[in-house]
Structures are given as structure tokens and as C-alpha cells.
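Worksheet: the structure to be examined is printed underneath.
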Amino acid sequence: MSRMMLAYLDAGSGSIILQAVLGGAAALAVGMKLWWHSALRALHIRRDAEEPPPSDDGSGSR
Amino acid sequence: MRAVPGSFRDPDSRVFESGGEVFRALSARGLEDWNALRASAAFAELTDRGSVIETQEVGGDATATLPEGWAGVLRHAAVPFVSYPYEWTFGMLRDAALLQLDVLERCLAESLMVKDSSPYNVQWRGVAPVFIDIGSFERLREGEPWIAYRQFCMLFLYPLMFQAFRGIPFQPWLRGAIDGITPAQARAVMSVRDRLRRGVLTNVILHSRLEQRYAAIEGRAAKAQVRRAGFNTELILANVHRLRKLVARLDWEPATSAWTDYRHASSHLHADADDKAAFVATAAGRRHWRLVWDLGANDGAYARIAARSSDYVLAMDVDHPTVERLYRALREEGERRILPLVMDVCDPSPALGWRGRERGTLADRGRPDLTLCLALVHHVAITRNVPVREIVDWLASLGGTVLVEFPERTDPMVQRLLAGKRDGTHEDYERAHFERCLREAFVVERQQELPSGQRVLYQARPLGA
């Protein structure tokens, strides 16, 4: 027997599919964000990594 | 050992009670899940934080007293009083929802899952929520979606949205349906404006539409499809984060009601306040009480006095905004001995669920040894039309000492309540009749007229007690 069949709650097919849809939307959003950041980098609008902010004592990151 | 009637739904776990202690029997699979939980850092962390109930595995003697078929037994710390979400305020349900999501998120990090999402799995120690259903934890099945997402929506999210967006009290909905509000019901209630609010389009509208559209598809087939499509734990985590943000932003401001500022706004009460507090302090302080019910607790002033000499106090009031304010105040104070509950003494929580046994009545869950019934009798007798004798009989049926206040017919509030009624409607509302009824069921140990000359306090214990 599949372990997936052992849940005692019925998740509801619609709810399961909704989670996949939301997951897909989230993945798409993350993908678009990554693409946007790489596009900004390619156009030299954003640097590869932000410099760390100086600490209170001026010694920088440790 | 006595099986707790409300714990039968999960075949891998069943709660039993014996001598005031709480045990949980586990199936072989449940025991494997417990071992995985016990070995995790998450369990120790959540227990230390007070988010999950303290639990130990117990040895052979306890297992021997259980029916056959159980593989292991756990002992849980007992909570002071079992309450239900239809007795909680908005803030309590929201804090319980956040706890549920936090526990789930912490467990996912260690490949553990919480198999259900029910507010009945959360209880209270004062105003601190604690997750009690250790049987809910199981090993994560990679690729499986969050089975309890629908249950989270039905029992947490939609009730909170009803209150926050529509001003609809969620308590009657949850009391009326043990499994909560369905996506279709939630969709029917949301207005066009609500559909534009954060989280409604996905968790309500789309959820309901997909449920209708795929009703004919077996859940098993749907799970297999999403697994093949690459569903993974990261997607569950993303959903949990999204819901946490959504729930934390849901807000409901308790409006000013006739009861929210009752004590300060009612000038006729001021003259009596100090004497009344002293009477309660003396009566409550003469011994230690196990459980106190404060009926019509309002801002909890007398519940706080009683709490000084009690293990636990239920501060109950019918007015949701008043109880919500009390909950917020007690949270600020860090109080652990007072549990605020929304409760109508004329319509208290009934027995509900399968065979009327899954959810107990208020009295089934703990009778008081002290009851405060202050500034309440006139409202019940006149506004709610309960005969005075019935009120006294009910107080006697609780079985403990009572501190009860009787406002005379000349009291301004009684006059106001009677003004809306036809002359002669409440002839039984009269001090001599009240005292006659009281002395038939109780021994009056002490009575005191308050300075206004319009209110009398009684300390009484049931006959034979």
C-alpha cells in the first residue's frame, strides 16, 4: 500500500491542486525575480553583491 | 483508563484519562512517528518554549491496562481546562492559528509533518496557547502536499476572515459545524470588495472553484499527479509562510459595546465598587479553590481577585468585544491562571459531534468549586426571561460555593431593564423571593448590603456540602 494512502484526513482534490497552482505561481514569481535581477546586473544597474554595511565601531564585517 | 470521546478520528492515536492523568495510546506506525519526533531538535525546542505539551513515553504497566492493539503509551502534562474554538475570541483563534503554522514550519525543517490543522489541537494555559496533539506529528512523505491545508482554511482561516472582513462572529459557525466553514460557504459570504482583499482570491475563491471542478477526481489521483509534477517540501513551506503573513495581518478591533466600559460608565456602580471587591477578596481568600467560574466577568476585575487564591479561573462573558479586550489585557500582564471565554450562560456550549460526545458541555469539562455571579442575575432574569428560581437551581446544580449579587428592583439598571417590559412581567424578580429560593438550595454563610442600598451580596454553599 502506498504510504500516501495512509492519511486519515481527505485533503480534497481541489485543495491539493490549489497547492500545486500556488506553488507554481510562487516558482514563477521567484523565477521572474531572478531573471529581473540578472537583467539589472547585465545592464550594470545593480552590482553582483552589495558591500556589507560598516559596523558601529567602523571595523566592517568580521 | 477511560477513552476520551473526542479523540477517535486518528486511527494511529487515542487519548485516555486515568486518575487526572492524560495518556495517549499509539499504533505501531504512531509509535514510529513518535520516535522520529522525540529524536528531533524541534520537539525539545518547541516543548521548552511551551509551544507543545510536555510528553514522556511510559512503560509496561500503562500499556497493560489499555485495550489490545496499541503499541505504545505516552503521558502528557494535563491542561487546566479544555476549551473549544467556539468559546475563544478572535485574538485567541488567531494566536492558535499562528502557533499551528509555527509548529508546522519548525517541524518541516526536520522532515516532520503535522498531519492535521485543527484548533481543537490547541489548548490554553491561561492566555498562552499550547499544541497538545502529539499524535499529529508524522514523518514527512516527500512529494506529498500539505494534507491539512483545507482543514486549516475551514477551521482557522475562514472563521478569522469572517470576523476581520465581514464582522461576522465566527463562534456560532464553529459551534454549528464541527468541521468548520467549507470553501463554498466562505465564497458565498465574501463580497466583491472582500474578493480584492489579500488572500481571498486564492484561499477562498480559487479554492472553492477548484474543489467544485475536481470533485470527481480521487484525492489519491490528485496527490499522485502533483507528486509527478515535482511537488516538494519547499512548496509547502512557501504556502505556510504565505499563510502566516496573511493570518498575522488579519485584524479585528473590538468595537465599543454596552459592556466594554460597563464598570466605568455605570455611575450607580461606583459607590459599591470597593465594598464589593473587599467582599469577593474575603470570600475567595478564605481557602484555596481548584476551579473558579466567573460568570459575566466583564473586564476580569473579580476574576483577578479570585485568581490570587485559585488554581484556575474561567472568566466568561457573552460579549465578544469585552472578552477580546480582557484577553489582550491578560496577555500584556502575562497571566497564566485566568482563561477568558466567550460564553452565554443562557445558552452555554452543548455536547456536540459524533453521538454528542466529541465535544463536552461546559460543566462536563470541569465543575467549579467557586462561582462568581456578580451583576448578572437581573440580566438573566429580566432580559433573558429566566425565572429567578431556575437561576438559583442552576447555580446549585454546579455544586460549589457561590458569590451572588442581587440588585433590588429600585436599582437603576433593574429599572432600565424593567422599563422595556410590560408591568407585572417579572413579579418573581423580588429580593424576598430570591432569598427564599437561595435558602432552599444553599446555606447562606454571609450576606452584605452594598453602600448604594440597592444591591446585596451573598456567599452561599450548597445544602449538604
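Protein chains get the first letters and strands the later ones, always in sequence-line order, with residue 1 at the start of each. Remember, predicted model here, so these are calculated numbers, not experimental data.
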| Donor-acceptor contact present, side-chain A/Gln19 to main-chain B/Trp146, <3.5 Å |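 Answer holds: yes.
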
| said: Set out, in order, the CA-CA distance, both residues' side-chain angles and the distance that settles side-chain contact (heavy atoms from CB on, under 4.5 Å) for B/Tyr149 and A/Leu18, then state yes or no. | reply: CA-CA 10 Å; B/Tyr149 163 68; A/Leu18 175 61; 3.3 Å; yes

Engaged part of [X] at the chain A interface, taking heavy atoms whose separation is under 4.5 Å:
X        : result
B/Arg150 : both
B/Arg242 : side chain
B/Gln151 : side chain

| query | Partners of B/Asp10 by salt bridge (charged side-chain N to carboxylate O under 4.0 Å, His left out), sequence neighbours excluded? | reply |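 Result, salt bridge (charged side-chain N to carboxylate O under 4.0 Å, His left out) vs B/Asp10: B/Lys115.
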
| query | Got a second to check how far A/Ser15's OG is from B/His207's NE2, nearest 0.5 Å? | reply |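 Reported value, rounded in 0.5 Å steps: 2.5 Å.
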
| query | So does B/Arg195 have more than 12 non-hydrogen atoms from other groups sitting under 6.0 Å from CZ? | reply |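 Result for CZ/B/Arg195: enclosed.
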
| query | Do any of residues 98-105 of chain B have a heavy atom less than 4.5 Å from a heavy atom of chain A, and if so, which, in residue order? | reply |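 Heavy-atom contacts from residues 98-105 of chain B to chain A are absent.
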
| query | Pick from B/Ile236, B/Asn203, B/Asp116: which one has the most heavy-atom pairs with chain A under 4.5 Å? | reply |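 Looking at each option in turn, the highest pair count goes to B/Asp116.
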
